[in-house]
Amino acid sequence: MSDDTRMTGDSRPVRVRFAPSPTGYLHVGGARTALFNWLFARHYGGVFVLRIEDTDRLRSTEESTGGILSSMRWLGLDWDEGPEVGGEYEPYFQMQRLPFYRAAVEQILDQGKAYYCYCTQQELVARRKAALTEGRAPGYDRRCRYLSRREAAAFEAENRKAAVRFAMPLEGETIVDDLIRGRVRFANEQLDDLVIMKADGIPTYNFAVVVDDILMKISHVIRADEHLANTPRQIRIYEALGSPVPRFAHVSMILGEDRTKLSKRHGAASLSDYRDSGYLPEAMFNFLALLGWAYDDKTEIMTRNQIIERFILEKVSPAPAVFSKDKLDWMNGVYVRTLRPEELGTRLLPFLEKAGLRTDKETVLRLVPLIQERIKRLSDAVDLVDFFFQDEMSYDPRLLIGKNMEAADSLDALKRVHEVLDRVPTFDEETLERTLRDLAKQLELKAGQLFGIIRVAVTGKMVAPPLFGTLSILGKERALSRIWKAEKALADLVDPEKM
RNA sequence: GCCCCCAUCGUCUAGUGGACUAGGACACCACCCUUUCAAGGUGGCGACGCGGAUUCGAAUUCCGCUGGGGGCACCA
């Protein structure tokens, strides 16, 4: 047994897949499942397949497919086989693989391990409801499994469309040896005869997934916990098809802060929402990897390669994890701070433009040093720098009054600031700081008192980026004009009559 | 109703019978630094769900309970 075999529990070449259904955006939970598959493949030098399970004709859309692919790419999860890249086992859209499913159904039908079911959906729904109210199991009652030839012919004569059901074993048990959960046993009497092909000739999920995983030679099925209960049925289908059963690993689900399954109700649940609100893909990647997996007792921040190198299924937790936005925010901030300034500027630009700020790369680059360690998300930058781009600011003039000062004193101080700045030889940070600190001393004010007044005057805010950098970037002309306006506002406050 | 999964600080987790007065991170609180806000530093608060059993010894093994989640579709 090779090392890899011991670790992956299987001697076949590693081939895993992520198989989303294109009925919406890529959900955070789905992204984590995709990530774990991808990491597993990359760690063992295997193949990562992307397959689109679009057999739900009502809900599947092309837009969803496009959105999922772009979210995957944004996260950096490249697929070796799948849409747009092709591969040995194409096509990778299930609706283009119908002949494969039909052949497989025939094969099972021929063996007598499946049968036609003529029950209509209305009948099924009614019976299920009745069973539930009477406290019986809601599963299919198997009546068509025992149809006589004559009865079947009668239904055919009625022109009823038949679905195909799989004949599950009635007794014994089916064992799932899960790589994360260990051995899980299911009594076969619990498994009902599921539909494997709908009356319209389209396979159901539980069947298509097995057929494709066989055909695509998937060695490990890493998927969400919610599929564990489906697994024994799928194992029976593998066996009926005479194929080796892959190894299974059921990853726990991701919960919202209220400990229910994460969904739109919890705010952003789609990966694209996170992208749009300014999270970095590298932070998201790191964060998602840590949801249910940990390297050791202290490491939080890891590069993509470190994670690939360290990721093993044995360290994946079986317990569900709550998605903590607080921690994501923190981690995103860490990644924002490690970005090279030019890089951060590049990423910031679209967010500022989207907010309606008329800016350009060069300006943003000058702003970056002032805000890099002050933002967690890229979109946070907007509130921090918008005043640079606005000609008219509106703020409460009372904010111009310095701490523990009167309006009149503040006005006097601001006038002195105006004079001093007007005479200052250069408008660089160092000069500004020296000059203004000296002034504060002269006025017998604390630095914070004076700087606070100036801050409000030039930014309109109590909280803003560092003052001297701000003044310098703003430039003498704009800074003085803002100070002048502030003086007027303060003067009104001191003596409203004198307008 | 039946079946299955899960269970360590508020949250993410480390922990695979003794090294645990249970470690780290986020969040929170305090202090330091400081022109505001951040960032950074230091410190603090804070958990093995409950009950049995096994064992010299249990967060770690077993059983039950409780709680949470998932499944039982001609959805995936």
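So that the names make sense, note that chain A is the first sequence line, chain B the second, and so on, each numbered from 1. All of these numbers come straight from a predicted model, not from anything done at the bench.
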Participant: Just checking, A:R304 and A:F285: is the charged tip under 6.0 Å from the six-membered ring centre and within 45° of the axis?
Facilitator: yes
Participant: Using a cut-off of 4.0 Å on non-hydrogen atoms, how would the nucleic acid contact of A:P320 be classed: base, sugar-phosphate, or nothing?
Facilitator: sugar-phosphate
Participant: Please state how far atom CG in A:L290 lies from atom C1' in B:U11, giving the value in whole angstrom units.
Facilitator: 13 Å
Participant: For A:M331 and B:A27, give me the distance from atom CE to atom C1', rounded to whole Å.
Facilitator: 14 Å
Participant: Could you state the NZ-P distance from A:K325 to B:C28, rounded to the nearest angstrom?
Facilitator: 12 Å
Participant: Describe the nucleic acid contact of A:A464 in one word from base, sugar-phosphate, nothing, applying a heavy-atom distance below 4.0 Å.
Facilitator: base
Participant: State the pairing partner of B:G49; accept Watson-Crick or G-U wobble contacts with both distances under 3.5 Å, and report none otherwise.
Facilitator: B:C65
Participant: Tell me whether the rings of A:W293 and A:Y295 are parallel (<30°), tilted (30 to 60°) or perpendicular (>60°).
Facilitator: tilted
Participant: Given B:A76, is OP1 or OP2 found less than 4.0 Å from the side-chain N or O atoms of A:R223?
Facilitator: no
Participant: A:F388 vs A:L370, test: side-chain contact (heavy atoms from CB on, under 4.5 Å). Steps then yes/no.
Facilitator: CA-CA 12 Å; A:F388 279 106; A:L370 296 189; 4.2 Å; yes
Participant: C1' atom, B:G67 versus B:A27: distance in rounded Å?
Facilitator: 25 Å
Participant: Could you check A:L255 against A:R374 and say which one's nearest nucleotide on RNA chain B is further toward the 5' end?
Facilitator: A:R374
Participant: May I ask you to say what A:H227 touches in the nucleic acid, namely base, sugar-phosphate or nothing, with a heavy-atom cut-off under 4.0 Å?
Facilitator: base
Participant: On a whole-Å scale, what distance lies between the P atoms belonging to B:C63 and B:G23?
Facilitator: 30 Å
Participant: Nearest to the A:R59 side chain among B:A76, B:G24, B:C72, which nucleotide is it?
Facilitator: B:A76
Participant: Under 4.0 Å between any heavy atoms, over every strand shown, what does A:K315 touch: base, sugar-phosphate, or nothing? Just pick one.
Facilitator: sugar-phosphate
Participant: Mind calculating the distance between OH (A:Y295) and C1' (B:G24) to the nearest angstrom?
Facilitator: 14 Å
Participant: Does the ring of A:Y140 carry A:R165 above it, NZ/CZ under 6.0 angstrom from centre and within 45° of its axis?
Facilitator: yes
Participant: From the options B:U11, B:A73, B:G71, select the nucleotide whose nearest atom is closest to the side chain of A:D192.
Facilitator: B:A73
Participant: With both distances under 3.5 angstrom, what nucleotide forms a Watson-Crick or G-U wobble pair with B:G40?
Facilitator: B:C32
Participant: Counting distance only, does the side-chain N/O of A:N332 pair as donor-acceptor with the main-chain N or O of A:G278 below 3.5 Å?
Facilitator: yes
Participant: Would you say A:R437 reaches B:U35's phosphate, i.e. side-chain N/O to OP1/OP2 under 4.0 Å?
Facilitator: yes
Participant: If you look at every strand shown and take non-hydrogen atoms under 4.0 Å, does A:K376 touch a base, only sugar-phosphate, or nothing?
Facilitator: sugar-phosphate
Participant: If the C1' atom of B:A47 is compared with that of B:G15, how far apart are they to the nearest Å?
Facilitator: 13 Å
Participant: For A:D297 and B:C20, give me the distance from atom CG to atom P, rounded to whole Å.
Facilitator: 12 Å
Participant: Watson-Crick or G-U wobble partner for B:G1, using a 3.5 Å limit on both distances?
Facilitator: B:C72
Participant: Can you check the A:W330 CH2 to B:G24 P distance for me, whole Å?
Facilitator: 14 Å
Participant: Can you confirm if the NZ or CZ of A:R145 lies within 45° of the ring axis of A:Y115 and under 6.0 Å from the centre of its six-membered ring?
Facilitator: no
Participant: Tell me which nucleotide among B:G71, B:U13, B:U36 gets nearest to the side chain of A:A321.
Facilitator: B:U13
Participant: Is the A:Y116 ring parallel, tilted or perpendicular to the A:Y118 ring (thresholds 30°, 60°)?
Facilitator: tilted
Participant: Just checking A:M253: base, sugar-phosphate only, or nothing, at a heavy-atom cut-off of under 4.0 Å?
Facilitator: sugar-phosphate
Participant: Pick base, sugar-phosphate or nothing for A:K261, based on heavy-atom distances below 4.0 Å to the nucleic acid.
Facilitator: sugar-phosphate
Participant: Evaluate the side-chain proximity of A:L291 to A:I254: yes if any heavy-atom separation is below 4.5 Å, no if none is.
Facilitator: yes
Participant: When all nucleic acid strands are considered with a 4.0 Å heavy-atom cut-off, which category describes A:A319: base, sugar-phosphate, or nothing?
Facilitator: sugar-phosphate
Participant: Please report the distance separating the C1' of B:G69 from the corresponding atom of B:C28, rounded so that it comes out in whole Å.
Facilitator: 28 Å
Participant: Starting at atom CG of A:N206, determine the distance to atom P of B:G71, rounded to an integer number of angstrom.
Facilitator: 12 Å
Participant: Just checking A:E226: base, sugar-phosphate only, or nothing, at a heavy-atom cut-off of under 4.0 Å?
Facilitator: sugar-phosphate
Participant: Can you tell me, in whole Å, how much space there is between the C1' of B:G70 and that of B:G52?
Facilitator: 29 Å
Participant: Name the pairing partner of B:A59, where a pair is Watson-Crick or G-U wobble with both distances under 3.5 Å, or state none.
Facilitator: none
Participant: Below 3.5 Å, does any donor atom in the side chain of A:E300 face an acceptor in the base of B:G24, or the other way round?
Facilitator: yes
Participant: Quick check for you: among B:C4, B:C74, B:A39, whose closest atom lies nearest to any side-chain atom of A:V184?
Facilitator: B:C4
Participant: Does a side-chain N or O of A:T260 approach OP1 or OP2 of B:G69 to a distance below 4.0 Å, or not?
Facilitator: no
Participant: Rounded to whole Å, how long is the line connecting atom NZ of A:K327 with atom P of B:A27?
Facilitator: 9 Å
Participant: Using atom P of each nucleotide, how far apart are B:C32 and B:A38 to the nearest Å?
Facilitator: 16 Å
Participant: Should the pair A:R32 and A:F36 be classed as cation-pi, given the thresholds of under 6.0 Å to the six-membered ring centre and 45° from the axis?
Facilitator: yes
Participant: Let's test this: given Watson-Crick or G-U wobble pairing with both distances under 3.5 Å, identify the partner of B:C26.
Facilitator: B:G10
Participant: If each of A:R32 and A:V463 is mapped to the nucleotide of RNA chain B with the nearest heavy atom, which maps nearer the 5' terminus, i.e. the 5' end?
Facilitator: A:R32
Participant: Does A:P20 reach a base, just sugar-phosphate, or nothing at all? Heavy atoms under 4.0 Å.
Facilitator: nothing
Participant: Base, sugar-phosphate, or nothing for A:P232, non-hydrogen atoms under 4.0 angstrom?
Facilitator: nothing
Participant: Output, in order, the C-alpha distance, side-chain angles, deciding distance and verdict of side-chain contact (heavy atoms from CB on, under 4.5 Å) for A:L367 and A:L348.
Facilitator: CA-CA 10 Å; A:L367 261 20; A:L348 240 22; over 6 Å; no
Participant: What contact category does A:L124 fall into here, base, sugar-phosphate, or nothing, at under 4.0 angstrom with non-hydrogen atoms?
Facilitator: base
Participant: Is the shortest side-chain N/O distance from A:R337 to OP1 or OP2 of B:G40 below 4.0 Å?
Facilitator: yes
Participant: Look at A:R128 and B:A73 and indicate whether a side-chain polar atom (N or O) is within less than 4.0 Å of OP1 or OP2.
Facilitator: yes
Participant: Between A:K198 and B:A76, is there a contact of a side-chain N or O with OP1 or OP2 at under 4.0 Å?
Facilitator: yes
Participant: Please classify the nucleic acid contact of A:T459 as base, sugar-phosphate, or nothing, using heavy-atom distances under 4.0 Å.
Facilitator: nothing
Participant: Among B:A27, B:U11, B:G71, which nucleotide sits nearest the side chain of A:V322?
Facilitator: B:U11
Participant: Taking atom C1' in both B:U34 and B:G40, what distance in whole Å separates the two?
Facilitator: 11 Å
Participant: Measuring only the C1' atom in each nucleotide, how far is B:C6 from B:C65? A whole number of Å is fine.
Facilitator: 15 Å
Participant: Could you tell me whether the phosphate oxygens of B:G69, OP1 or OP2, come under 4.0 Å of any side-chain nitrogen or oxygen in A:R259?
Facilitator: no
Participant: Which is true for A:G139 with a 4.0 Å heavy-atom rule: it touches a base, it touches only sugar-phosphate, or it touches nothing?
Facilitator: sugar-phosphate
